[in-house]
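Right, one structure below, let's go through it.
Numbering of residues begins at 1 and proceeds along the displayed sequence. All figures in this text were calculated on a predicted structure; none of them were measured in a lab.
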Amino acid sequence: MAVAKMRKVTIFAYEEIGESIFETLRDLEILHVIKSESYGHRERGDAEEPEVDEAKYNETLSQLSAIKSYFERYTSIKKSFIDMFTGAKPQMSYEDFQKVVARYDVAETFDKVQSHEKRLREIDKEIEELSQRTQVLEPWVDFDIPISQMGPTKTCDMQLAIVPTRSLSEAVKEIPLEHVHFKVIWQEHGNSGVWLVGLSDEEPSLSAVVSAFGGVIVNLGREVAGYSETGLVSDALANIEKKKEELLNERNAILVEDSEVAQNLMDILALIDYYLDKKNLFEIHQEVAKTRFTLVIEGYARAKEIDKLRNGLGMYKDIEVIDEEPGQGEDIPVLLENNALVRPFEFVTNIYGYPQYNEMDPTPFLAPFFWVFFAMCLGDAIYGIILSIFSIVFLRTQNLEDDKLIKLLGYCGISTVFAGALMGSWLGDLPKTFLAGTAFEKFTSSIAILDPVNDPITLLIVSLGLGILHIWVGIIVKMIGTIRQGAVVDGILSHGSWVVFLPGLILWAVSQMGIIQSSVPLYIMIAGAVGIMWSGARNQKNILMKPISAIGGFYSMLSYFSDTLSYARILALGLASAIIGVVVNMVSALVVDMVPGVGWVFVPVILIVGHLFNLLINALGSFIHSGRLQYVEFFSKFFEGGGTPFRPLKRVRKNVWVVE
């Protein structure tokens with residue numbers, strides 16, 4: 001239960017097999033590769049640039065991203081709500097993955113996608129233009145004179161115009177129309193489509209007549225052009241509809257073809273991962289030290305996996321693998337190693353950060369406290385049972401990359417069952433509300449020793465007592481860590497003194513209340529106090545200032561006191577959970593009385609919704625505040641953090657999980 005022991009690994013090999021070596025290291029998932037600093041880097045021009053460079057990978061990934069976006073218009077990878085919550089990825093066999101990589105022509109598919117996308121835009125534009133032509137021509141469908149004959153000749157003039165229907169009859173009275181003939185072709189929305197014919201050399205002209213009507217002359221020649229050999233509007237409309245039908249058929253054919261090809265969306269996701277992986281290996285390859293003919297790969301591996309690393313690279317003959325103890329000042333990656341019971345609590349540690357390589361792993365120390373604090377904050381036996389069942393079912397039905405959080409909830413569910421039983425909370429006070437006098441109600445009452453609603457002071461004392469113990473353990477961990485780093489005297493005096501003084505102070509206070517009849521606590525407290533004063537004064541050079549520095553050593557007492565008060569939040573959350581549960585039960589009981597006969601029908605709904613809400617909101621609060629007590633009150637006593645996580649080189653699995 002500690003930070004995993006690491007070995008510094010250096011691999012010397014020929015440059016020509018570098019790509020193959022990195023692929024092997026990726027598949028082994030053992031080596032945390034670092035940027036080479038010890039051996040320098042090859043200068044540009046010392047060797048030929050690789051054929052496939054980063055720009056080419058970026059281009060391929062850009063093409064795949066465009067293909068993916070296009071395919072997702074037609075299909076998608078179905079995910080359940082739980083999969084979206086857990087981030088589970090679709091699976092593909094390694095054999096299928098290899099086939100996709102070997103046979104798929106990304107450039108050809110990209111060109112086809114681009115071509116189809118462009119053609120679909122063109123078709124949509126053409127259909128829109130044809131619809132506009134139809135909208136203009138449709139009112140004139142009954143006009144049986146070719147549009148090409150509209151316009152002036154030597155003797156007469158013919159025009160089409162749109163005029164307001166109301167002004168048409170009024171203008172007739174005011175304008176002499178002896179030499180003008182007009183016919184209304186259509187009327188719609190207060191306007192009229194009019195055909196006019198008149199003599200060319202007589203006044204008024206047709207344009208003057210149309211202006212007098214308050215209308216405009218219409219030229220349909222552009223709308224009919226190319227769609228009617230006869231010049232008739234009806235023929236043009238028929239040909240436009242025929243053209244639209246052809247375009248729609250072409251569009252549907254493209255959509256059907258694209259829909260079929262889009263069923264290979266999984267292949268595209270796999271290829272994106274493949275080229276992301278290739279790009280990642282390329283970038284790492286560029287960061288390692290190299291000469292014209294050789295390269296040097298540096299990194300870290302767990303000490304117990306060095307033999308596995310050597311065996312994995314055993315296929316290469318001209319290669320040298322050296323492992324050694326990491327040097328001082330190196331940024332050694334950190335991997336936490338704990339047993340099955342403690343490992344889920346690494347989730348809590350990792351939220352805050354990783355310890356440095358030479359630090360102690362705080363997970364084993366925080367685990368029992370987080371387990372207890374969460375339980376006391378949530379504080380209901382049935383809620384604990386629900387959490388545990390949820391965890392078991394979830395783990396058995398879901399394939400999770402990281403199951404620490406779900407296991408942690410399961411573990412905390414177990415502790416919540418015990419805490420709820422000791423607090424007499426089973427869906428709040430449901431046994432007393434609905435099962436009064438039954439064997440179950442008598443059993444739950446008999447094992448309850450705490451009552452957060454009616455006796456909060458006792459729970460407050462327990463909470464503060466656990467807080468004192470928590471802080472005390474933090475000081476012990478700091479003392480041990482300091483001693484491990486070689487500062488034995490500093491560890492004993494600066495931190496060991498508090499380890500003695502705090503329990504001595506508490507026991508002395510208890511003895512003053514008459515609970516303990518002994519003077520030993522006083523001597524323990526004095527011994528710790530002497531150590532604290534010695535520690536405060538020993539680094540003071542000025543002899544006159546030493547007494548002040550000695551007394552100043554007790555300044556940390558204020559910090560410990562304020563930290564202890566923070567544990568009152570355990571009472572607050574436990575009380576909130578209990579009271580909400582009681583209120584839900586009370587409302588349910590009131591409904592039974594308020595709606596005689598059928599009130600019981602609503603009780604299950606109220607209980608389920610109310611207690612589910614209480615469980616969700618207070619489980620979240622319990623997790624957050626139990627974690628906060630670790631990060632602020634506990635970690636501040638000994639934990640520095642800032643370590644680099646151990647991330648061995650492995651295959652990119654952003655979109656698809658490849659199953660070997």
TODO: Check the side chains of Tyr300 and Glu330 for a donor-acceptor pair under 3.5 angstrom, ignoring hydrogens and angles.
DONE: yes

TODO: Work out which heavy atom in Ser622 is nearest to a heavy atom in Ser626; give both atom names and the distance.
DONE: O-OG, 2.7 Å

- [ ] Determine, for Lys650 against Glu401, whether the closest basic-nitrogen to carboxylate-oxygen distance falls under 4.0 angstrom.
- [x] no

Residues 477-484, side-chain donor-acceptor partners within the protein, below 3.5 Å, at least two apart:
from	atom 1	to	atom 2	distance (Å)
Thr482	OG1	Lys478	O	2.8

Task: Any pair counted as salt bridge (Lys or Arg N to Asp or Glu O under 4.0 Å), so long as it reaches residues 616-628, sequence neighbours left out - done: Arg628-Glu633

Task: 4.5 Å side-chain heavy-atom contact, Phe365 and Gln630 - done: no

Task: Contact summary for Ile284 and Val33, nearest pair of heavy atoms - done: CG2-CG1, 3.6 Å

Task: salt bridge (Lys or Arg N to Asp or Glu O under 4.0 Å) between Glu29 and Lys308, worked out - done: CA-CA 11 Å; Glu29 299 186 356; Lys308 182 180 177 181; over 6 Å; no

Task: Pairs where residues 384-393 contributes a residue and the test salt bridge (Lys or Arg N to Asp or Glu O under 4.0 Å) is met, not counting sequence neighbours - done: none

- [ ] Take Leu409 and Phe394 through the side-chain contact (heavy atoms from CB on, under 4.5 Å) test and state the conclusion after the steps.
- [x] CA-CA 11 Å; Leu409 292 177; Phe394 203 91; over 6 Å; no

Task: Under 3.5 Å: donor-acceptor pair, side chain of Asn585, backbone of Leu427 - done: yes

TODO: Would you confirm whether Glu359, through its side chain, and Phe639, through its main-chain N or O, come within 3.5 Å as a donor-acceptor pair?
DONE: no

TODO: Show your working on side-chain contact (heavy atoms from CB on, under 4.5 Å) between Arg302 and Met6 and close with a plain yes or no.
DONE: CA-CA 5 Å; Arg302 286 193 290 175; Met6 294 288 169; 3.9 Å; yes

Task: Residue from Asn614, Leu573, Thr416 passing side-chain contact (heavy atoms from CB on, under 4.5 Å) with Leu378 - done: Thr416

Task: Minimum heavy-atom distance Gln356-Gly642, with the two atoms named - done: CG-C, 4.4 Å

Open item on the list: With a 4.5 Å cut-off on side-chain heavy atoms, are Ile414 and Val417 touching?
Closed with: no

TODO: Applying side chain to side chain contact (heavy atoms under 4.5 Å, CB included), name anything that partners Asn350, two or more places apart in sequence or on another chain.
DONE: Leu336, Glu346, Tyr354, Lys404

Open item on the list: Listing request: all salt bridge (Lys or Arg N to Asp or Glu O under 4.0 Å) pairs with a residue in residues 558-575, at least two apart in sequence or in separate chains.
Closed with: Asp563-Lys637

Open item on the list: Between Asp273 and Arg653 (side chain of the first, backbone of the second, donor and acceptor by atom type, cut-off under 3.5 Å), is there such a pair?
Closed with: no

Task: CG on Leu28 to CG on Leu649, rounded to 0.5 Å - done: 9.5 Å

TODO: Applying salt bridge (Lys or Arg N to Asp or Glu O under 4.0 Å), name anything that partners Glu441, two or more places apart in sequence or on another chain.
DONE: none

Open item on the list: As an exercise, state the distance from CD1 of Ile461 to CG of Leu450, rounded to the nearest 0.5 Å.
Closed with: 10.5 Å

Task: Val584/Phe613 under side-chain contact (heavy atoms from CB on, under 4.5 Å): CA gap, chis, key distance, verdict - done: CA-CA 10 Å; Val584 171; Phe613 168 79; over 6 Å; no

Open item on the list: So Cys377 and Phe623, do their side chains get closer than 4.5 Å, heavy atoms only?
Closed with: no

- [ ] Could you check if a side-chain atom of Leu571 sits within less than 4.5 angstrom of a side-chain atom of Pro456, using non-hydrogen atoms only?
- [x] yes

Task: N-O pairing of Glu324 and Arg7 below 4.0 Å - done: no

- [ ] Would you indicate whether the side-chain heavy atoms of Leu565 and Phe561 approach each other to under 4.5 Å?
- [x] yes

TODO: Locate the shortest heavy-atom distance separating Thr458 from Asp455; write the atom from each residue and the value.
DONE: OG1-OD2, 2.6 Å

- [ ] Locate the shortest heavy-atom distance separating Pro362 from Phe635; write the atom from each residue and the value.
- [x] CB-CE1, 3.7 Å

TODO: Kindly compute the distance separating OG (Ser577) from OH (Tyr383), expressed to the nearest 0.5 Å.
DONE: 5.5 Å

Open item on the list: For Trp371, is there any backbone N or O sitting under 3.5 Å from a side-chain donor or acceptor partner on Ser415?
Closed with: yes

Task: Close side-chain approach of Leu430 and Leu607, heavy atoms under 4.5 Å - done: yes

Open item on the list: Check whether Asp380 reaches the backbone of Gly428 with its side chain - one donor and one acceptor, N or O, closer than 3.5 Å.
Closed with: yes

Open item on the list: Just checking Phe602: does its CZ atom have more than 12 heavy atoms from other residues, nucleotides or ligands closer to it than 6.0 angstrom?
Closed with: no

Open item on the list: My understanding is that only residues two or more places apart in sequence, or in another chain, count here; which of them pass side chain to side chain contact (heavy atoms under 4.5 Å, CB included) with Leu616?
Closed with: Leu612

Task: Qualifying ring-ring contact (aromatic ring centres under 6.0 Å, His included) pairs with a residue from residues 447-474, counting only residues at least two apart or across chains - done: Phe369-His470, Phe373-His470, His470-Tyr567, His470-Phe634

Task: Main-chain N/O of Ser494 paired with Ser497 side-chain donor or acceptor, under 3.5 Å - done: no

- [ ] Applying salt bridge (Lys or Arg N to Asp or Glu O under 4.0 Å), name anything that partners Glu283, two or more places apart in sequence or on another chain.
- [x] none

Task: Leu309 vs Leu25 side-chain heavy atoms within contact, under 4.5 Å - done: yes

Open item on the list: How long is the straight-line distance from CG of Leu466 back to OG1 of Thr564, given to the nearest 0.5 Å?
Closed with: 11.5 Å

Task: Sidechain-backbone polar pair: Tyr631 side chain, Val348 backbone, donor-acceptor under 3.5 Å - done: yes

- [ ] Give a yes or no answer on whether the side chain of His32 reaches the backbone of Arg647 with a donor-acceptor pair at less than 3.5 Å.
- [x] yes

Task: Set of salt bridge (Lys or Arg N to Asp or Glu O under 4.0 Å) partners for Asp490, sequence neighbours left out - done: Arg538

Task: Test salt bridge (Lys or Arg N to Asp or Glu O under 4.0 Å) applied to Lys407 - qualifying residues, sequence neighbours left out - done: Asp403

TODO: Check step by step if side-chain contact (heavy atoms from CB on, under 4.5 Å) holds for Val592 and Ser588.
DONE: CA-CA 7 Å; Val592 174; Ser588 300; 6.0 Å; no

- [ ] For Phe374 and Ala619, work out which heavy atoms get closest and say how close.
- [x] CE1-O, 3.6 Å

Task: Atom pair CZ (Arg26) and CZ (Arg651), whose distance is rounded to the nearest 0.5 Å - done: 4.0 Å

Open item on the list: List the residues meeting side chain to side chain contact (heavy atoms under 4.5 Å, CB included) with Gln328, not counting sequence neighbours, and say none if there are none.
Closed with: none

Task: CD1-NE2 distance between Ile386 and His611, expressed to the nearest 0.5 angstrom - done: 9.0 Å

- [ ] Would you indicate whether the side-chain heavy atoms of Ile406 and Ser391 approach each other to under 4.5 Å?
- [x] yes

- [ ] Keeping the roles fixed (side chain from Asn339, backbone from Val342), state whether a donor-acceptor pair exists under 3.5 Å.
- [x] yes

